[in-house]
Amino acid sequence: MKQDYTYKLRLTPTKEQEVLLSKHFGSIRYVYNLFLDRKTKFYLEAKEKQLAKKTLTYVDMAKELTQIKSKEETKWLNECNAQSLQHAIKHLDGAYNRFFKKLARFPRFKSKKNKQSFRVPQFVTIEDGRIYFPKFKEGIRIDQHRPVKGEINYATITKNKAGQYYACIGVTRTIEHKPKADKIIGIDLGIKSLVQCSDGQQFPNIKTTKKYEKLLKTRQQALSRTKKGSKGRDKARLKVGKLQVKIANIRHNHLHQITSKLINENQVICLEDLSVKNMMANRCLSKSIGDASWGELVRQLTYKARWYGRKVIKIDRFFPSSKTCSHCGHINENLSLNMREWECPRCQTLLDRDLNASRNILRQGLNLTVGTTGLVACPDVRPVRNNGQLVGAETHLLERVGSS
């Protein structure tokens, strides 16, 4: 099955290539910020004068970009790949439209202090350990740790806060589904243990940010003491950036190991449809929730399930998975966050909070029917009912998944 796939490869440019890359980053940033300012002013003026045309379109900006490049004071823009400049205003136009559709926040001006990037939409090739694209005919050396399979569609060149260069190669390739598995699990995401599975398996929360918190604080304090605009400040900012990138890499590697293991071993995965954004509003837990990266874990599970022929079922976020006894169904309304174990007042069963929640999530995922309010990523998966009772729910579910 054809799927979009991205390879991220490390670049090692020469000093001359670094200068040319910096010119590309600066040109893209200049064009993006220029037209963001013009689009905003045009909209406010059109709204005030009640004009029929409310905004500058991509075609309008592309025509104006051609005129700007021909001027003497902005002739330096011609040193950058023309298609990369056009893609920058196309990206701006898309961001602007998403804001008015209430799908994203208003686009912000780009800063040279943050991550830098530009897109090469065409004419990207990789040969003999080098990547070639317009303006870089001699090619930039890459650390090609694995072969790039599929048809190359584009490349995004980035420079992170640590001063490292990467190329994200977007391709279209065939990804084979994995052999059918015979397991169905429910998972509960948490802070004490990152993932608790209904079969008793646990994945730890390594708390990367907490591990490097003191060192990060020391480097940030050293940065704050430097003089603005000095070389010492640039060196201190680079040290902070390197540590932040290290923390992010450790966290993402841990998440990829967990999601790959879950996808390899299970055919269906049931989990809660968490609203991480709303949960981050809790100032007591926001730091720990951000470090756990639940949203990234769910994102990885979702796209890997699509690639490899697995199913992900998301149950309603308001389902009381922790408060419900997985043995008798009694709901304990008095359960507080600090109670890691509790005894069911009805059946006197001693329950582990996370394990109990994961089993309830699994059961709720199996019980989802068309009339429920739960969100289901695979609506074709439904258990069989006979007079309101489940008949071989797990067996039927596996059969349905196997035939889909």
Problem - Over 12 foreign heavy atoms within 6.0 Å of CZ, Arg141 - result: no
Handout entry: Test item: Gln164 and Lys159 side chains (from C-beta on) under 4.5 Å apart, heavy atoms
Key = no
Handout entry: His254 (side chain) donor-acceptor with Pro204 (main chain) under 3.5 angstrom
Key = yes
Problem - Check: Trp294 side chain, Gly190 main-chain N or O, donor-acceptor pair, under 3.5 Å - result: yes
Practice task
Taking the six-membered ring for Trp and the full ring for Phe, Tyr or His, determine whether the centres of Tyr5 and Tyr303 are under 6.0 Å apart.
Solution key: no
Problem - Lys41 bridged to Glu45 by N-O distance under 4.0 Å - result: no
Handout entry: Side chains of Arg173 and Gln3, donor plus acceptor under 3.5 Å
Key = no
Exercise for the section: Find out whether Ile247 and Asn249 are in side-chain contact, i.e. whether some heavy atom of one side chain is under 4.5 Å from a heavy atom of the other. Expected result: no
Completion exercise
Correct closest heavy-atom pair for Tyr32 and His91 would be CE1-ND1, 4.0 Å
Handout entry: Residue that, paired with Ile184, satisfies side chain to side chain contact (heavy atoms under 4.5 Å, CB included) out of Leu362, Asn266, Ile313
Key = Leu362
Exercise for the section: Salt-bridge test for Asp291 and Arg251: reply yes if a basic N is under 4.0 Å from a carboxylate O, no otherwise. Expected result: yes
Problem - Side-chain ion pair, Arg237 and Asp234, N-O less than 4.0 Å - result: yes
Problem - Beyond-backbone contact of Val120 with Ser84, side-chain heavy atoms, under 4.5 angstrom - result: yes
Exercise for the section: Return yes when atom CG of Leu103 has more than 12 non-hydrogen atoms of other residues, nucleotides or ligands closer than 6.0 Å, and no otherwise. Expected result: yes
Practice task
Please name the pair of heavy atoms, one in Tyr96 and one in Thr40, separated by the smallest distance, quoted to 0.1 Å.
Solution key: OH-CA, 3.8 Å
Exercise for the section: Verify the neighbour count for atom NZ of Lys137: are there more than 12 heavy atoms of other residues, nucleotides or ligands below 6.0 Å? Expected result: no
Problem - Approximate separation, where rounding is to 0.5 Å, of Gln244 CD and Lys161 NZ - result: 5.0 Å
Exercise for the section: Please determine, by modelled atom types, if Glu343 and Gln348 share a side-chain donor-acceptor pair under 3.5 angstrom. Expected result: no
Problem - Within 6.0 Å of NZ in Lys192, more than 12 heavy atoms from elsewhere - result: no
Exercise for the section: Report the C-alpha distance between Phe136 and His24 in whole Å, list the side-chain angles of each, state the deciding distance to 0.1 Å, and finish with yes or no for ring-ring contact (aromatic ring centres under 6.0 Å, His included). Expected result: CA-CA 11 Å; Phe136 291 86; His24 275 67; 5.5 Å; yes
Handout entry: Enclosure of Arg108 CZ (heavy-atom neighbours >12, cutoff 6.0 Å)
Key = no
Exercise for the section: Verify whether one side chain among Arg359 and Ser198 offers a donor that lies under 3.5 Å from an acceptor in the other. Expected result: no
Exercise for the section: Run the salt-bridge test on Glu213 and Lys210 with the 4.0 Å N-O cut-off and return the result as yes or no. Expected result: no
Handout entry: 4.5 Å side-chain heavy-atom contact, Glu272 and Ser321
Key = yes
Exercise for the section: Determine whether the side chains of His256 and Lys304 contain a donor N or O and an acceptor N or O closer than 3.5 Å. Expected result: yes
Completion exercise
Taken to the nearest 0.5 Å, the spacing of Ser322 OG from Leu335 CG works out to 6.5 Å
Practice task
Step through the shown structure and confirm whether more than 12 heavy atoms of other residues, nucleotides or ligands are within 6.0 Å of CD on Gln221.
Solution key: yes
Exercise for the section: Count the heavy atoms of every other residue, nucleotide or ligand shown that sit under 6.0 Å from CD of Glu138, and state whether that count exceeds 12. Expected result: yes
Handout entry: Side chain proximity check, His87 to Phe118, heavy atoms < 4.5 angstrom
Key = no
Exercise for the section: For the residue pair Asn356 and Ser326, confirm or rule out a side-chain donor-acceptor distance under 3.5 Å. Expected result: yes
